[in-house]
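Remember, it's 1-based here, ligands and their atoms both numbered in the order they're listed.
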Amino acid sequence: MATNVDSIADSMSVAPASVIKGEWSLPGDKSIAHRAAILCGLAHGESTLRGYPKSEDCLNTLQAVQRLGAEVEVGEVITVRGVGGRYRAAAGALNLGNSGTGLRLLTGVLAGHAHTNELTGDASLRSRPMARIRDPLEQMGATIELLGDGGTAPIRVTGGGLRGIDYDMPMASAQVKSAVLLAGLFAEGATTVMEPYPTRDHTERLLGRMGCPVRVEGHRVSLVGQGAPLKSQSLAIPGDFSSAAFWITIAAATPDAELRLRGVGLNPRRVALMDILRRMGAKIDVRCTDDGWESVGDIHVRGGTLKGTDTGGAEIPNVIDELPLVAVAGALAEGKTTIRDAAELRVKETDRLDAMATNLTAVGVAVEVFEDGMCVQGGASIAGGVAVDSFGDHRIAMAMAVLALRGSSPLTINNVACVDTSYPEFWTDLEHATGKA
Ligand code: S3P
């Protein structure tokens, strides 16, 4: 049978598909996996992580905690023997690849350690803003040197002797919140972060499970660390909603599509894409199968015709990684779709507002870009026979690949190796979704 994707060097040609269907499970959630590796690495005793994603980013974080002294065995199940409270200094720089989560969270942890470490990443990560973690961590007493141009990585962190702070976070960022809370584990007194809008709470949930409860009162999130011993864990990492999102979006926007995705993480701070798609008219049913530490369940999508909608405000942090897909849904819907309050997209792996606007324009979709969002005019036919670029950003590559399934002829997506940083199974899953595998 012909496949739906054709790989040429670092490009993929994705052909239109007449039907989207299937049933499968997603690889593990990356946000949870980074936190599990970092915190189980710090814990007392041996932890096991089932369903840990084998993406480059998540493997880089595991390797970093290993270099900081944890014992890690990578197999079907990952085993982490924790250092029992304090990491040792790593010899040489820790390379977190493409992952802002790995870099920012580990910097927070190492701010609590009385030694010096250097952390770095790939060219994309070295272009992203790091003053947002330096400022609160320095207020707590760490020395954070940003060795790149204009407040970027490499980061040299010299920690220890921290005191808790009350931090009014200027942006809604789970990475910044987590970096401060993780430093707070080692600080004297209480550490509090005030969020402008609630962001994903995987750090809080995992810390609570490991024996360091986090108090949440409205938008205030606090912990009292004082070197509380973290208990080892046996964790099953839920499937990644952000990976499921590609298939949910394209199925919802394709008449006669039908998809069942099993074992997907349903943390309420992650799933706003489903609210947005439902407002657009999508038929999505969810069945929660486990409501423990993190909710997990099955998602059933039936395709149909969508209409445009607006998103902004408090909804944005809960759909932050899926906003390129809101633009894709908008392109396939009737009427206009507007995204506002999403200036954070400009400092992701690439400037995702400009990247999506450039690519949608290339396939014939009318787009207006704002400083904090975009307006997508739906209803045009999606032109094939052209080439678009990922701009080195995995989510842009995958968003354009699913949009190509609704094109008029094959679309070439250049610069797709980045997909492996987060979702190496993506192209196989695309073949599943189009009935080719
Ligand atoms: C993440 C938080 C978000 C998100 C990123 C993962 C996390 O970043 O975009 O992919 O795991 O905490 P910000 O906190 O910078 O918004």
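- Residue His202 is tested with His34, Arg270, Arg269 for a side-chain contact (heavy atoms from CB on, under 4.5 Å); the sole match is Arg270.
- A salt bridge does not link Arg134 to Glu145: none of the charged side-chain nitrogens sits closer than 4.0 Å to a carboxylate oxygen.
- Of all protein heavy atoms, the one lying nearest to atom 10 (O) of ligand 1 is Asp321 OD2, 2.8 Å.
- The local environment of CD in Gln139 is crowded, with over 12 non-hydrogen atoms from other residues, nucleotides or ligands closer than 6.0 Å.
- Nearest to atom 11 (O) of ligand 1 among the protein's heavy atoms is Ser31 OG, 2.7 Å.
- Using a 4.5 Å heavy-atom cutoff, the side chains of Val402 and Phe426 are in contact.
- When each atom of ligand 1 is checked for a heavy atom of Ser173 under 4.0 Å away, the hits are 13 (P), 14 (O), 15 (O).
- Note: Tyr423 and Phe246 have tilted aromatic rings, judged against thresholds of 30 and 60 degrees for the angle between ring planes.
- Across the listed options Lys30, Arg35, His202, His34, Arg35 owns the non-hydrogen atom lying nearest to atom 7 (C) of ligand 1.
- In the vicinity of Ile320, heavy-atom distances shorter than 4.0 Å reach the ligand 1 atoms 9 (O).
- In terms of protein heavy-atom proximity, atom 13 (P) of ligand 1 is closest to Lys348 NZ, 3.4 Å.
- The shortest N or O to N or O distance between Ala174 and ligand 1 is below 3.5 Å.
- Protein heavy atom closest to atom 6 (C) of ligand 1, with residue, atom name and distance, is Thr101 OG1, 3.3 Å.
- Between Pro424 and Lys54, every side-chain heavy-atom pair lies at or beyond the 4.5 Å cut-off.
- Under 4.0 Å is where a charged nitrogen must lie from a carboxylate oxygen, and between Asp298 and Arg260 no such pair does.
- The shortest N or O to N or O distance between Gln175 and ligand 1 is below 3.5 Å.
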